[in-house]
Amino acid sequence: MTDQTPAQNSSFQTEALIAEDIDAYLDQHQHKSLLRFITCGSVDDGKSTLIGRLLYDSKMIFEDQLSALESDSQKHGTQGEEIDFALLVDGLAAEREQGITIDVAYRFFTTEKRKFIVADTPGHEQYTRNMVTGASTADLAVILVDARKGILEQTKRHSFLVHLLGIKHLVLAVNKMDLVDYDQATFDRIVGEYTAFANEIGIESFIAIPISGFKGDNITAPVGGAASSNTPWYDGPALIDHLETVEIANFAAQARTFRMPVQWVNRPNLDFRGFAGLITDGSIKPGDAVRIVPTGKTSTVKSISTFDGDLDEAVAGQSVTLTLADEVDCSRGDMIAVADDPPEASDQFETTIVWMSDEALKPGRAYWLKLGPQMVSATVAEPKYEICVNSFEHLAAKTLQLNGIGVAELRTDKPIIFEPYTKSRQLGGFILIDKFTNATVGAGLIHFSLRRAQNVHWQPTTITRDDHALLKNQKPLVLWFTGLSGSGKSTIANAVEQRLNLMNRHTFLLDGDNVRHGLNKDLGFTENDRIENIRRVGEVAKLMTDAGLIVLTAFISPFRVERQLVRGMVPDGEFIEVFVDTPLDVAEQRDVKGLYKKARSGELKNFTGIDSPYEEPENAEIRVNTVEMTVEEAADHIIAQIMPLK
């Protein structure tokens with residue numbers, strides 16, 4: 001090749017600098033800006049080939065890869081550039097065949113001007129969740145389109161998602177132009193079609209580049225910036241030139257108001273107390289006034305510490321430790337913000353949720369919500385609607401399936417610090433985690449706090465729950481009886497209440513059938529209705545313990561996570577899970593109400609133990625086996641276990 005690309009020219013300059021002054025080279029490399037971008041599109045649009053070309057042309061592949069490629073070039077006796085690039089692309093393709101990029105593959109390369117991390121995501125529709133993972137931290141998205149196929153459904157899906165996730169910089173890379181003879185009319189037609197689509201979903205701007213990942217057209221350009229000779233009709237930048245010059249998120253973040261979520265409190269000795277975290281927005285200097293959220297306490301910054309020493313100023317993207325002039329109450333999950341413009345704290349939100357689990361969303365079920373360093377329990381209401389990513393229609397939905405996107409209200413068990421996702425990706429984006437598997441099941445964006453969260457406040461009262469309990473001379477408890485239908489829950493709970501009554505204890509028994517005659521008469525027996533049934537009963541039981549009562553509940557309550565939800569509603573030590581352990585065949589033989597017979601015949605759907613699961617307690621405080629024990633023996637055993645708690 002006679003012309004040198006900027007990357008090749010940079011490579012020679014870099015080698016010279018390394019030889020002359022390695023410290024200067026390391027300093028230059030350390031202070032390069034970092035751009036995170038994602039490549040996405042439909043299957044076989046050429047993502048691996050494009051990434052291979054970027055890696056090859058950057059001349060910054062790991063040394064062992066270069067050595068292997070040079071060795072193979074000499075072995076095959078072919079031109080170095082052709083065989084090197086072919087082998088690299090073959091390697092990336094082999095990774096795909098091995099399933100590596102069914103998940104997200106991250107690759108690093110650098111040029112003279114900037115460092116890059118590229119997320120290579122799968123193009124298959126069933127792996128949309130993986131694409132969302134890659135896009136969640138990206139500053140820019142390269143949407144690839146095969147010039148022969150034009151705009152496809154997956155092109156629209158991925159464009160909609162990167163727009164939803166707040167990526168402002170989009171590149172429409174019309175690939176494989178060499179296979180359509182670099183036809184300008186084909187390129188113009190695709191760009192026109194994409195422009196109409198982009199306007200429809202609110203994408204304000206994008207740049208379109210005709211490329212050939214395999215041939216290298218308009219990936220990099222010769223020194224002087226001219227376009228590929230195969231596309232003389234194109235006068236825009238080459239892809240790498242655009243990637244090197246586009247404004248990245250940190251610059252925009254530095255212009256916003258100061259925010260730093262506290263990740264940990266550092267106190268190596270009594271004379272030093274620092275608050276460490278990553279600055280998500282804005283900048284800070286010693287002497288600046290700050291406010292702690294949610295406590296509202298104010299102070300001023302005393303110092304900004306890093307591993308390399310104190311700073312005169314810190315900006316978004318830096319991890320620092322702040323010391324304050326005053327002793328203030330501040331812990332992990334709190335926020336240090338500029339004093340006159342702090343973020344909000346709330347416990348109810350409207351959100352958009354991208355569901356990422358094979359198991360559907362369970363409205364009303366408690367999940368862990370993680371937003372930065374904050375981790376709280378959260379429940380999602382039935383979606384207002386699901387968004388069809390092909391037609392963008394709003395569809396009625398009671399839940400979200402894998403890769404589903406919906407708008408739903410969400411409630412947390414305590415206020416969290418947030419900002420709308422459109423204002424801050426760091427403070428407005430969260431993930432949902434299954435409480436028992438610890439798997440990430442969803443990703444969400446906060447739109448705004450619900451108005452009722454600001455309008456409804458807790459009204460303090462003079463008489464406390466301790467006063468109620470003292471008046472009754474007892475410790476409040478929730479005795480939560482769980483087991484299969486026919487196991488004997490209601491019978492044993494009734495016997496226990498009789499004994500407590502004779503002992504002058506103040507009690508109330510909430511029975512599953514009785515509650516469905518009133519409070520929960522609107523609920524059926526679907527999985528979602530069962531979850532809501534237990535949530536409501538848990539809230540009632542909590543109110544009754546606040547009144548100082550010993551509450552007995554007899555509900556199948558088939559799901560562990562809902563029982564755990566109720567446990568979390570009351571103080572530690574006040575929830576006693578009583579597992580009425582009866583084998584299914586024994587419960588079915590009893591069948592006092594004839595329910596098992598109906599379920600077996602298909603007349604009764606969603607019946608626990610038959611066509612709906614029952615999850616046995618793993619660590620119940622009390623277990624009674626009704627095969628081995630009579631009702632009286634079971635009741636006496638339970639009384640003996642709980643009396644030391646009095």
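No experiment lies behind these values; they were computed from the predicted model shown.
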For residues 516-523, run the donor-acceptor check on the side chains, cut-off 3.5 Å, and write out each pair with its distance to 0.1 Å, sequence neighbours left out.
| residue | atom | partner | partner atom | Å |
| --- | --- | --- | --- | --- |
| Arg516 | NH1 | Leu523 | O | 3.0 |
| Arg516 | NH1 | Gly524 | O | 3.0 |
| Arg516 | NH2 | Gly524 | O | 3.2 |
| Asn520 | OD1 | Arg536 | NH1 | 3.3 |
| Asn520 | ND2 | Asn533 | O | 3.4 |
| Asn520 | ND2 | Asn533 | OD1 | 2.5 |
| Asp522 | OD1 | Arg536 | NH1 | 2.8 |
| Asp522 | OD2 | Arg536 | NH2 | 3.1 |

What pairs of donor and acceptor atoms, side-chain ones from residues 565-586 against any protein atom, are under 3.5 angstrom apart with sequence neighbours left out?
| residue | atom | partner | partner atom | Å |
| --- | --- | --- | --- | --- |
| Arg567 | NH1 | Glu621 | OE2 | 2.7 |
| Arg567 | NH2 | Glu621 | OE1 | 3.2 |
| Arg567 | NH2 | Glu621 | OE2 | 3.4 |
| Glu574 | OE1 | Arg465 | NH2 | 3.2 |
| Glu574 | OE2 | Arg465 | NH1 | 3.1 |
| Glu577 | OE2 | Arg563 | NE | 2.7 |
| Asp581 | OD2 | Arg623 | NE | 2.9 |
| Asp581 | OD2 | Arg623 | NH2 | 2.7 |
| Thr582 | OG1 | Ser487 | O | 3.3 |
| Thr582 | OG1 | Thr626 | OG1 | 2.4 |

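Applying the ring-ring contact (aromatic ring centres under 6.0 Å, His included) criterion to Tyr385, with sequence neighbours excluded, gives His394. Tyr614 is linked by a ring-ring contact (aromatic ring centres under 6.0 Å, His included) to nothing, counting only residues two or more places apart in sequence or in another chain. Under the ring-ring contact (aromatic ring centres under 6.0 Å, His included) criterion, Tyr421 pairs with no residue, sequence neighbours left out. Remark: Ser490 pairs with Asp511, Ala554 by the side chain to side chain contact (heavy atoms under 4.5 Å, CB included) rule, at least two apart or across chains. Residues meeting the ring-ring contact (aromatic ring centres under 6.0 Å, His included) test with Phe258, sequence neighbours left out: none. Every residue two or more places apart in sequence or in another chain that forms a side chain to side chain contact (heavy atoms under 4.5 Å, CB included) with Asp466 is listed here: Thr464. Applying the side chain to side chain contact (heavy atoms under 4.5 Å, CB included) criterion to Leu502, with sequence neighbours excluded, gives no partner residue. A search for salt bridge (Lys or Arg N to Asp or Glu O under 4.0 Å) contacts involving Glu359 returns Lys362, Arg365, not counting sequence neighbours. A search for side chain to side chain contact (heavy atoms under 4.5 Å, CB included) contacts involving Ile639 returns Val496, Arg499, Leu500, Met503, Ile642, Met643, not counting sequence neighbours.
Ring pair Phe607/Tyr596 is perpendicular by interplanar angle, where above 60° counts as perpendicular and below 30° as parallel.
The minimum heavy-atom distance between Ala135 and Arg425, with the atom names listed, is O-NH2, 3.1 Å. Closest approach of Asp326 to Thr298, counting heavy atoms only: OD2-O, 4.2 Å.
For the 3.5 Å distance criterion, the side chains of Glu497 and Thr507 qualify, holding a donor opposite an acceptor.
Judged as a salt bridge (Lys or Arg N to Asp or Glu O under 4.0 Å), not a single pair has a partner in residues 334-343 (not counting sequence neighbours).
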